Amino acid sequence: MKIAIAGFGALGARLGIMLQAAGHDVTGIDGWPAHIAAINTKGLTVVHDDQDPKVYYLPVMTPQEVTGTFDLIILLTKTPQLDRMLTDIAPIITDQTQLLILSNGLGNIEVMAKHVAKSQIVAGVTLWTSSLVKPGEIHTTGSGSIKLQALAGGDAQPIVEALNEAGLNAELVPDVMTAIWHKAGINAVLNPLSVLLDANIAEFGTAGNAMDMALNILDEMKQVGASQGIKVDVAGIIADLSRLLKPENAGNHYPSMYQDIQNGKRTEIDFLNGYFARLGQQEGIPTPFNALVTRLIHAKEDIVRTKLAKEKENFEI
């Protein structure tokens with residue numbers, strides 16, 4: 001299968017090398033020039049579970065440079081940049097191209113529906129993790145899975161088969177929106193709280209009130225979900241959180257929001273906790289904890305971005 005991965009950061013790169021190893025023709029698409037240059041000149045360096053580094057070679061280019069057509073485009077672009085990415089890669093999307101969205105957050109499908117027919121959209125959620133250490137280098141831990149569903153009568157079985165050839169543990173599910181909200185609940189806990197507590201997933205779990213804070217977030221989310229016809233399984237999310245805290249699973253991983261903050265990037269908080277707070281306000285449902293977490297993350301973004309700008313200014317002087 002000819003596959004493009006739009007958003008070839010930490011997770012996109014991990015999926016890319018696994019799919020390539022299974023014999024698929026993989027092209028990475030990304031917007032970070034230093035990352036693209038590093039991979040195209042020296043290869044992609046991957047360190048898995050503190051093993052010796054391995055180097056993989058596959059083409060990566062900007063959205064403006066990519067040409068040709070693809071059977072499948074896997075979207076891992078962060079939600080705030082998804083509309084721009086789809087606009088930029090429009091020339092490589094045909095009526096036969098299927099698009100699998102695996103990005104975190106909520107609201108992605110609505111953005112995709114502005115660009116392609118719903119029959120081309122495959123909605124998915126993944127528990128695979130990866131960390132981008134520097135341009136051209138990722139660190140990976142543990143294993144993961146992918147759940148997906150084709151919308152509007154599309155056929156996602158060939159995608160499942162391709163993903164499973166690469167060992168990505170993919171399965172079709174009858175109600176992927178429930179799974180997406182489930183993953184959003186996990187991210188709404190681990191992502192912002194790892195930032196605010198300056199902790200990886202396992203370190204977060206050592207806090208005596210870790211699960212109390214998780215419940216504050218998830219109980220509000222459950223009420224908001226019910227207003228949208230989504231059943232949020234709080235107990236199930238807590239069980240998955242407890243599993244992820246273990247180092248052999250994802251405990252040593254720093255979530256993507258933590259990585260974004262460290263790199264001075266804007267986060268996806270408005271499509272996680274901020275999304276719940278916004279819907280809660282529309283539906284008249286109080287969401288004070290999610291609203292506060294959202295404001296704190298935005299404050300952290302501003303502080304770090306200002307600090308990095310001053311450091312760059314001093315360096316240039």
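Fair warning: this is a prediction, and the values are worked out from it, not measured in the lab. Note: hydrogens, waters and symmetry copies are ignored here, and every other heavy atom, side chains too, is used.
Of the options Thr287, Thr294, Asn290, a side chain to side chain donor-acceptor pair (under 3.5 Å) to Asn273 is made by Asn290 and by none of the others. Exactly one of Thr27, Asp71, Val26 qualifies for a side-chain contact (heavy atoms from CB on, under 4.5 Å) with Lys2. That residue is Asp71.
With hydrogens and angles disregarded, no donor-acceptor distance shorter than 3.5 Å links the side chain of Asn169 to the backbone of Ser145. A donor-acceptor pair is defined here as one N or O able to donate and one able to accept, closer than 3.5 Å; such a pair exists between the side chain of Ser103 and the backbone of Thr77. Side-chain atoms of Asn200 do not come within 3.5 Å of backbone N or O of Tyr254 as any donor-acceptor pair.
Between Ile93 and Val116, the closest heavy-atom pair is CG2-CG1, 3.9 Å. Of all heavy-atom pairs spanning Phe204 and Met213, the tightest one is CE1-CE, 4.2 Å. Listed here is the closest heavy atom pair of Met18 and Trp128: CE-CH2, 3.7 Å. The minimum heavy-atom distance between Ile109 and Ile121, with the atom names listed, is O-CD1, 4.4 Å. Smallest separation of non-hydrogen atoms from Leu172 and Ala156: CD2-CB, 3.7 Å. Looking at every heavy atom in both residues, Val55 comes nearest to Lys42 through CG1-O, 3.5 Å.
In summary, the side chains of His48 and Gln51 do not present any donor paired with an acceptor at a separation below 3.5 Å, with no hydrogens or angles considered. Between the side chains of Glu283 and Gln228, at least one donor N or O sits under 3.5 Å from an acceptor N or O. No side-chain donor-acceptor contact under 3.5 Å links Asp175 and Gln149. There is no side-chain donor-acceptor pair under 3.5 Å between Ser131 and His139. Side-chain atoms of Asp198 and Tyr258 form a donor-acceptor pair, as typed in the model, at a separation below 3.5 Å. No donor-acceptor contact under 3.5 angstrom links the side chains of Thr141 and Asp49, judged on distance only.
In the hydrophobic clustering of ILVMFWY residues, with side-chain heavy atoms under 4.5 Å counting as a link, Val125 and Leu218 come out together. Residues Val122 and Leu19 fall within the same hydrophobic cluster, defined by Ile, Leu, Val, Met, Phe, Trp and Tyr side chains chained together at heavy-atom separations under 4.5 Å. Met85 and Ile5 are not part of a single hydrophobic cluster, where members link through side-chain heavy atoms under 4.5 Å apart. Residues Val173 and Ile74 are members of separate hydrophobic clusters, defined by side-chain heavy-atom contacts under 4.5 angstrom among Ile, Leu, Val, Met, Phe, Trp and Tyr.
Under the 30°/60° scheme for interplanar angles, the aromatic rings of Tyr275 and Trp181 are found to stand perpendicular.
Environment of CD in Gln281: sparse, with no more than 12 heavy atoms of neighbouring residues, nucleotides or ligands closer than 6.0 Å. Environment of NZ in Lys183: crowded, with over 12 heavy atoms of neighbouring residues, nucleotides or ligands closer than 6.0 Å.
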request  = Assess whether side chain to side chain donor-acceptor pair (under 3.5 Å) is satisfied between Thr97 and Gln120, documenting all intermediate values.
outcome  = CA-CA 7 Å; Thr97 307; Gln120 294 177 259; 5.2 Å; no
From CA spacing to verdict: salt bridge (Lys or Arg N to Asp or Glu O under 4.0 Å), Lys78, Asp260 = CA-CA 11 Å; Lys78 292 188 180 298; Asp260 287 341; 3.1 Å; yes
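Cation-pi geometry between Lys265 and Trp32 is met: the NZ or CZ atom falls under 6.0 Å from the ring centre, inside 45° of the normal.
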